[in-house]
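A quick write-up on the structure given underneath.
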Amino acid sequence: MRDTISILSERLKKREISSVELTKAYIDAISSSDLNAYVHTSFDEALRQAEEADKRLKEGTATLLTGIPMSVKDNISTKGLETTCCSKMLEGYKPFYDATAYAKLRAEGAVLLGKNNMDEFAMGSTSETSYYGAPLNPRDKTRVTGGSSGGGAAAVAAHLAAYALGSDTGGSIRQPASFCGVVGLKPTYGAVSRYGLIAYGSSLDQIGPLANSVKDAAIVFDSIKGRDFRDQTSEETPYTVSDKLEGGGKGLKIGVAKEYFEGISPEMKGCLEGAIAFYEKEGAEIVPLSMPSLGLALPAYYIIACAEASSNLGRYDGIRFGHRAAKYESVDDMIARSRTEGFGKEVQRRIMLGTYVLSSGYYDAYYKKACTLRKQIVAAFDGLFSSCDVLLAPTSPNTAFPLNYTGQNRIEMYLSDICTVPVNIAGLPAISLPCGKDGKGLPVGMQLIGKKFDEATILRAAYTYERGERQEVEELEGGVL
Ligand code: GLN
């Protein structure tokens with residue numbers, strides 16, 4: 001069995017191991033790892049938090065998450081610990097407050113090991129745009145982890161953290177989860193507070209867990225969800241999900257929209273067809289569906305995400321936030337130089353694209369049209385969910401790219417987001433879980449998409465599959481201990 005939160009928590013409660021010992025084991029594993037999954041570590045503080053957790057375990061005030069070592073993506077604010085979005089722009093920046101999602105975990109006694117590598121400002125699908133260099137995929141070190149939460153996915157897959165918090169604007173939790181063979185949950189827009197998450201595309205961004213099992217993802221989601229007065233888009237999910245996983249496949253209506261399967265390799269298709277057959281055997285009803293507007297999601301996403309990014313990243317001008325150039329001739333020159341030096345090429349490209357689509361004369365042709373497409377996509381999902389409870393799809397049209405591949409094939413990288421971005425456009429919840437391997441032995445991810453605030457049903461469907469078909473994730477079995 002892999003190290004899951006339930007297993008580790010059981011061992012902590014039985015005193016087979018202390019949180020300090022467990023934390024030390026993770027620290028040793030991180031120190032001897034060459035995956036570049038972490039960009040800032042907080043080992044001393046982690047050991048202090050572990051001592052505190054051991055006290056709670058002794059007193060009997062522990063929860064499932066108390067004393068469990070975890071990690072956080074580098075765009076989620078952690079008080080006093082560098083939070084740089086893996087950009088030169090924010091090098092050395094230490095927030096003076098915690099993001100709500102992380103604060104909620106800390107309140108339960110979580111132990112923070114450090115911050116995970118990612119694409120700069122969460123822009124990318126390989127984590128290679130990181131200022132600190134790319135993390136490596138633990139399943140095959142010549143391949144990327146996926147992105148942008150690549151460091152977190154690698155850390156969880158390689159037992160360098162029991163679970164991680166990531167963020168998903170257009171697939172950044174689900175796609176690296178699929179590339180690294182772990183579970184990733186992108187919650188409903190608003191289900192988890194974005195307070196303290198450094199913004200990329202504010203109408204799309206969501207924080208969620210990367211974990212070793214569906215149950216772990218549910219446990220973490222239960223802890224971080226909820227209304228937060230500091231994020232006016234957040235809402236209460238008035239029930240817990242981790243106690244609703246047992247329903248099985250019976251009575252579930254699983255929709256399969258054929259457009260999601262166009263252009264994926266026969267091997268990947270085989271894995272997903274195997275999952276469909278499994279659900280049928282479990283008593284679920286498979287509903288064949290069609291979503292002709294699926295292809296519209298990608299152009300709409302890149303216009304909306306870049307437009308919002310160009311506005312959100314305006315604050316990094318060397319005055320209010322971020323790197324300031326050493327030499328300049330005027331205020332304008334200082335801002336231009338600071339931004340040129342501080343931002344990497346991919347971020348600059350997106351700021352320029354976003355500024356262009358919002359500029360007068362082009363606003364109607366691009367941004368406004370993208371917003372119209374967004375409404376069509378929302379309506380298309382509403383239509384699909386009138387005849388099913390869950391949609392089953394690939395997480396990505398491909399498995400992990402070789403390192404340095406998409407740098408030359410940028411359009412291919414953008415196109416590879418086709419299966420994940422529609423969910424963000426519509427604000428829906430979705431989970432990616434391992435469902436077999438391709439011919440090269442690389443993990444294939446299955447995506448289950450649900451109705452708004454219906455995380456419970458996708459988690460139940462995912463749990464049913466995971467329990468029935470645990471063939472995957474074999475070679476990294478074992479864990480940190
Ligand atoms: N790959 C997508 C992008 O580059 C999604 C990134 C994300 O979800 N943060 O925008």
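When a ligand or atom number is given, it counts from 1 through the structure's own listing order. In this text, all values refer to a predicted model and were calculated from it rather than measured experimentally.
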Please state whether the rings of Tyr302 and Tyr414 are parallel, tilted or perpendicular, taking 30° and 60° as the class boundaries. tilted
Exceeds 12 heavy-atom contacts within 6.0 angstrom, atom NZ of Lys79: no
Under 4.0 Å from ligand 1, residues with heavy atoms, in chain and number order, are Ala122, Met123, Gly124, Ser125, Ser148, Asp168, Thr169, Gly170, Gly171, Ser172, Tyr200, Tyr301, Tyr302, Arg350, Asp417
Salt bridge Glu108-Lys104, side-chain N to carboxylate O under 4.0 Å: no
Pairwise ring pair (Phe, Tyr, Trp, His ring centres under 6.0 Å) hits with a residue in residues 358-377, at least two apart: Tyr356-Tyr362, Tyr356-Tyr366, Tyr363-Tyr367
Do the ring planes of Phe401 and Phe179 sit parallel (below 30°), tilted (30 to 60°) or perpendicular (above 60°)? perpendicular
Heavy-atom pair with the smallest gap, counting every atom of Thr126 and Met413: CG2-SD, 4.1 Å
